[in-house]
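Order of the sequence lines fixes the chain letters, A, B, ..., with proteins taken first and strands second; residue numbering starts at 1 for each chain.
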Protein chains: 2
Amino acid sequence: MISSIAELISDRIGTMPAGERRAAQTLIANYPLIGLKTVAEFSAAAGVSSPTILRFVARLGFQNYPEFQSALQDELAAQLQSPASRTLNPPSPNGGAVSPMLEATLDNLRETFRHLSDKQLADIVAKLADRRGKTFLIGGRFTDPLARYMAAHLAIIQPNVFHLAGQESVWRDRLIDMGKRDVLVIFDIRRYQDSLVRFAETAHQRGVQIVLFTDQWLSPIARFARHVIAGRTAVPSAWDSSAALFVVAETLIGGVTRQLEADGAKRIRELESLR
Amino acid sequence: MISSIAELISDRIGTMPAGERRAAQTLIANYPLIGLKTVAEFSAAAGVSSPTILRFVARLGFQNYPEFQSALQDELAAQLQSPASRTLNPPSPNGGAVSPMLEATLDNLRETFRHLSDKQLADIVAKLADRRGKTFLIGGRFTDPLARYMAAHLAIIQPNVFHLAGQESVWRDRLIDMGKRDVLVIFDIRRYQDSLVRFAETAHQRGVQIVLFTDQWLSPIARFARHVIAGRTAVPSAWDSSAALFVVAETLIGGVTRQLEADGAKRIRELESLR
DNA sequence: CAAAATACGTAATATACGATACAGCGCTCT
DNA sequence: AGAGCGCTGTATCGTATATTACGTATTTTG
């Protein structure tokens, strides 16, 4: 069973002529980056000619050089998706069904935040804390609870926060209330819902600023979104995980709260006095 | 000090026009592989035209596309050499608002699961997957979305799953439907809601098995609960975090799904054929 | 040792890719 | 409301790249 190209190479390197073997060795030596460069660069690094490189990849079973490169990229993609941190954490003493799920979620969280800069979050917080406009939140079949969760918090610390729920026709009519100064927070992960996409498009046309929570494959709504948060969702389960998006949402909630406190919003002080 | 291209992007993404921002977002979303593909593929993935991609890389300061790709490859090479230094965002030495929140959440997850045995989870899974009884879910002010999230998934893979929402009087009347074989999943964290406690007590008297999601200080409902899941909730924010409970919920959802598949429930097969 | 077969590089060719010019459109600002 | 600017996509061009053909060198085999 050969799964990676590196294995494939070491499997067949014995049957290769001298020139191609040099190509194979240089590729293994700094795998896989040389293979992603041009044939000319690859050949120069290996000290052979271009056709030798092409014969080398042909011997590996690829039709042409681009196909070979695509395979390398796919392999890299798989590596980058599931980071090596899995090996860093103690390999779960109890090999139960629990740990894999937890480990994957921890990875997802780290990966999601790794792609999220402080500045990006600060921008979104500023937008959400801007009390001149209204804030609408909506989610898809499985993500609507996330919208609810966020709305439940935001609605306490500021006015004009609305969670859009129920029948499509109901929240579609709320478009009338939306304008340039308003923000629409949408949660949409695979499989992306047409109704949400249409809703987002119309809102966008009305000048509404869209903050999109989606997965790493990006909902089509990303086209219209001002800010996109791409969370990792892969876990060893039949379902995708929304945990990363959930934590980002909590982070934003905390940020907006802090922001409003800093702004000295009297609403916050009033709230405190109410307790 | 900007060291990686990803930082460079998140630094300037604010000043970019819409199209280029979409390019930036898709690149960040699956970094850096899209950038290693051709301009045509990159543009298709981002949903923009080729020139927009080229303008995007030009704005980042690169003379041409190949130069941009080389930079990405160099970065990848450095990463692959030392897997430990895979930090895209530097560990934010500036007390940025991001990391503390993330770190605390990661800790909470680990702690929560540390106090949770495989057996405990397996028991709950078995209980939830037992299709002889009904499953009810309910939550408090902030945790109701968690109940919704769990209900949304469970209701697909098995019948007789009900999320109790709306007015207290409404779900209180549903007590009539509950009996010994039924399960009631309650989410309740500080400040514990009296209405929920009363509800749980009555349900308990009727013989309903209660699965309680609460925080580490334990809701009074714990008295009546058959199973208690105590999640860590402390984060550097004005609000408590429900992330740990969320992840436990996802773990249970995954477990129940696997269980029902193993039981060969025909509902699961029917579902698959429906897709 | 001779002759064939295989391997390899040079040079020419075709393709696909990145780059550019230009026009249409929407947006902002006065 | 109108004029100007900036952004974006279409179509075209030039070029770098992969590919192929062919001749030479090297190894293999009888």
Check: Measuring from Tyr192(A):OH to Ile221(A):CD1, what's the distance to the nearest 0.5 Å?
Finding: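 It is 10.0 Å, given to the nearest 0.5 Å.
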Check: Does Thr143(A) reach the side chain of Phe213(A), with side-chain heavy atoms less than 4.5 Å apart?
Finding: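 Heavy-atom side-chain distance check fails, nothing below 4.5 Å.
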In whole Å, I'd like the distance from the [atom1] atom of [X] to the [atom2] atom of [N].
X: Tyr65(A); N: dA16(D); atom1: OH; atom2: C1'; answer: 14 Å
X: Phe68(B); N: dA19(C); atom1: CZ; atom2: P; answer: 11 Å
X: Asn64(A); N: dA14(C); atom1: CG; atom2: C1'; answer: 14 Å
X: Phe42(A); N: dA16(D); atom1: CZ; atom2: P; answer: 22 Å
X: Leu54(B); N: dA21(C); atom1: CG; atom2: C1'; answer: 14 Å

Margin query: So if I take every side-chain heavy atom of Pro17(A) and compare against dG9(C), dA7(C), dC7(D), which nucleotide ends up nearest?
Written below: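 Looking only at heavy atoms from C-beta outward on Pro17(A), the closest nucleotide is dA7(C).
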Notebook entry, point to check: Can you check whether Thr52(B) has a side-chain N or O nearer than 4.0 Å to OP1 or OP2 of dG9(D)?
Noted result: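 For dG9(D), OP1 or OP2 has a side-chain N or O of Thr52(B) closer than 4.0 Å.
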Check: Has the side chain of Asn108(A) got a donor or acceptor atom that lies under 3.5 Å from a matching backbone atom of Ala234(A)?
Finding: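 Confirmed, Asn108(A) side chain pairs with Ala234(A) backbone.
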Margin query: Both Arg59(B) and Arg55(A) contact DNA chain D. Taking the nearest nucleotide for each, which residue is further toward the 5' end?
Written below: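 Whichever sits nearer the 5' end wins; that is Arg59(B).
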Next item on the list: By nearest nucleotide on DNA chain D, pick out whichever of Gly19(B) and Pro51(A) is the more 5' one.
Entry: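 Going by which nucleotide is closer to the 5' end, it is Gly19(B).
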Note to self: Minimum heavy-atom separation for Ser237(A) and Gly254(B), please, with both atom names.
What the structure shows: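 Ser237(A) and Gly254(B) have their closest heavy atoms at OG-CA, 3.6 Å.
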Next item on the list: Return the 5'-most residue of the pair Thr15(A), Ser50(A) with respect to DNA chain C, ranking by each residue's nearest nucleotide.
Entry: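 Closest to the 5' end, via its nearest nucleotide, is Thr15(A).
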Checklist line | Upstream residue (5' side of DNA chain C) when Lys180(A) and Val57(B) are each assigned their closest nucleotide | finding: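 Nearest nucleotide further toward 5': that of Val57(B).
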